[in-house]
Trainee: 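Can you read through this structure? Questions will come right after.
In the text below, chain A, chain B and the rest are named by the order of the sequence lines, each starting its count at 1.
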2 protein chains.
Amino acid sequence: MALINENAARRSGPAVREIYDALRHRILTADLMPGTGMSEVPYSEQFGVSRTPVREVFRRLADEGLLRIVPQVGTFVAPIQLRAVYDSQFVRETLECRTVTLAAANAGGRARDDLEDFLTLQRRAIRDSDLQRFFDADDKMHTYLIGVAGYPSIWELIQGVKAQLDRVRYLSLESGDWLNRIFEQHELIVKRVIEGDATGAETAMREHLQSVFLTIERLANNKPELFEGSLGPHVSNASKS
Amino acid sequence: MALINENAARRSGPAVREIYDALRHRILTADLMPGTGMSEVPYSEQFGVSRTPVREVFRRLADEGLLRIVPQVGTFVAPIQLRAVYDSQFVRETLECRTVTLAAANAGGRARDDLEDFLTLQRRAIRDSDLQRFFDADDKMHTYLIGVAGYPSIWELIQGVKAQLDRVRYLSLESGDWLNRIFEQHELIVKRVIEGDATGAETAMREHLQSVFLTIERLANNKPELFEGSLGPHVSNASKS
DNA sequence: GTCTCTCCTCTTGTATACTAGTAACCAAGA
DNA sequence: TCTTGGTTACTAGTATACAAGAGGAGAGAC
């Protein structure tokens, strides 16, 4: 699994790494829509390599829940499973709320400067309406906070889980005002971390992450064809053995 | 990563699945010690298959942090990285403490019966000194509690993270009295979940998981040659960009 | 004795050929 | 018209062959 080791596919040959990054990005940004057929041969031709590295990439993306490999039939872009999205949100929220608490306890003067730099980056990205750059700066800030908490490597794990959330985020194509609201939430988080207000930071982080989650539920209601599984909240399931 | 989709290697051909299970178990139980060389050819002969499925298994285990693939050189059983162990513990503790809180809120009459069944299984395993059976029942109970909380699929994620902890657990070869202590902790958790005492259940779970952690530090002190990286606790790292 | 260069062997990375299973299509019959 | 049978095309799974790099052993020079 992704924790522990540096980056997932980055250890392999250059072909694998490149193809992995490209395909993952195309899936997350919904350039490849859920359900799209993905058989190995066309992509090996497209990237100018043999089936082997493409196959390795497919396998890895399937492990991440982004592809679905059906033996002897084909490989398809996985539908967005609402259950998986809910679970991913739960994991991310639980871990990041805990780490931001620790971050607030740990943050020193240097962290203050660094965090303000991240906010500046985001402010500029909004000014230039550069969504990708904003998302990058967003990710970097979350990564940084987890590092300040003392557990930098778990960002890798969150990254994997977050893939499901990002897919929805890109699909919902949000703009303008929404970015400002996210940014204000970031400001509040940073403020409380710098102040050392652990409880307040946790609250701010939870509200932040949950507001992103609202986007998801809105999309699930508007475009149910992209999803698989019911929308209902989890029910206590005490009947399993 | 591993969340979202059912089991990791279970989707592949029978060869891959079988080899994956076998090798993973051998690594976790320290039958294959950290540092052992693992080149592809001998194992393909041993399992009577070609390099391809073995290679796929190696890559998957490398993703889990159990193998380390060095291109053009060889593949080795990964050393136990203390940092990774600490991080794994953090993730598991954070997630399971949260889920047990929810479980305590959700648990109904059926859960009560099921949980008591799990305890009975464990009691018998201890009576028979059957370590493997105890570990299995242990895992099943944790899985069940996460299911009651409403997020059954995140057990997959914890499972992956837990691999690092399990390696240490098997290496330290604990016995007798230790099992009883674990069992008592389980009893306390179950008791509080059934009572609906969310806070109490969380506390019990945290103490339970952290006690496993003590084992780790003991082993790290006794057999440092199996480990890689320093033993010190995490330090706030606010210097990263 | 020691250092260096070369070559050989072993490793993983990649390409290609072969196997086997699925599904869709089409035709023949009721 | 519907059903059923077989044929065909396509898929992923596996085996094997080849390429490229790392590392160690051994020979030679100093």
Trainee: Expressed in angstrom and rounded to an integer, what is the separation of B:E45 atom CD from C:dC10 atom C1'?
Mentor: 14 Å
Trainee: Quick check: does any side chain N or O of B:N106 sit under 3.5 Å from a backbone N or O of B:V148, one acting as donor and the other as acceptor?
Mentor: yes
Trainee: Would you say the ring centroid of B:Y86 lies under 6.0 angstrom from that of A:Y151?
Mentor: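 So the answer is no for these two rings.
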Trainee: Heavy atoms only, 4.0 Å cut-off, all strands: where does B:V41 land among base, sugar-phosphate and nothing?
Mentor: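 Counting heavy atoms under 4.0 Å across all strands, no contact is made by B:V41.
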Trainee: Does B:S88 use its side chain to pair, donor to acceptor, with the backbone of B:V161 at less than 3.5 Å?
Mentor: yes
Trainee: Do B:T29 side-chain atoms and B:H25 backbone N/O form a donor-acceptor pair below 3.5 Å?
Mentor: yes
Trainee: Mind listing the N/O atom pairs, protein and nucleotides 19-22 of chain C, below 3.5 Å?
Mentor:
residue, atom, partner, partner atom, Å
C:dG21, N2, A:Q72, O, 3.4

Trainee: To the nearest 10 degrees, what angle separates the axes at the start and end of the helix from C:dG1-D:dC30 to C:dA30-D:dT1, five pairs each?
Mentor: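 Inter-axis angle at the ends, rounded: 0°.
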Trainee: Once you round it to whole Å, what is the distance between C1' of C:dT12 and CG of B:L67?
Mentor: 13 Å
Trainee: What is the distance from CD1 of B:I69 to P of C:dC10, rounded to the nearest Å?
Mentor: 21 Å
Trainee: Can you tell me the distance, in whole Å, between the CD1 atom of B:I19 and the C1' atom of D:dT14?
Mentor: 11 Å
Trainee: Keeping A:D166 on the side-chain end and A:L28 on the backbone end, is there a donor-acceptor pair under 3.5 Å?
Mentor: no
Trainee: Give a yes/no on whether any side-chain N or O of B:R59 is located under 4.0 angstrom from OP1 or OP2 of C:dG13.
Mentor: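 So the side-chain polar atoms of B:R59 do come within 4.0 Å of the phosphate oxygens OP1 or OP2 of C:dG13, strictly under.
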Trainee: Between B:F134 and B:H186, what is the ring plane arrangement, given parallel below 30°, perpendicular above 60°, and tilted in between?
Mentor: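 Judged by the thresholds at 30° and 60°, the geometry between B:F134 and B:H186 is parallel.
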Trainee: Quick test: give all pairs of protein nitrogen or oxygen and nucleotides 15-18 of chain C nitrogen or oxygen below 3.5 Å, distance rounded to 0.1 Å.
Mentor:
residue, atom, partner, partner atom, Å
C:dA15, OP2, A:S50, N, 2.7
C:dA15, OP2, A:S50, OG, 2.8
C:dA15, O5', A:S50, OG, 3.4
C:dA15, N7, A:T52, OG1, 2.9

Trainee: Kindly assign one of parallel, tilted or perpendicular to the pair B:Y43 and B:F58, based on the angle between their ring planes and the thresholds 30° and 60°.
Mentor: perpendicular
Trainee: Classify the ring geometry of B:W155 against B:H142: parallel below 30°, tilted from 30° to 60°, perpendicular beyond 60°.
Mentor: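 Ring orientation, 0 to 90° scale: parallel.
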Trainee: CZ of B:F58 versus P of C:dT11: gap in Å, rounded?
Mentor: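 Going from B:F58 (CZ) to C:dT11 (P), I get 11 Å.
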Trainee: Within 45° of the axis and under 6.0 Å from the centre of the six-membered ring of B:F227, does NZ or CZ of B:R83 qualify?
Mentor: no
Trainee: Do other residues, nucleotides or ligands put more than 12 heavy atoms under 6.0 Å from the CZ atom of B:R26?
Mentor: yes
Trainee: For A:R55 and C:dG13, what is the distance between atoms CZ and C1' respectively, to the nearest whole Å?
Mentor: 16 Å
Trainee: Donor-acceptor check, side chain of A:T143 to backbone of A:D139, threshold 3.5 angstrom: yes or no?
Mentor: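 Yes; judged by distance alone, with no hydrogens or angles, the pair exists.
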Trainee: What integer distance in Å separates B:E40:CD from D:dC18:C1'?
Mentor: 15 Å
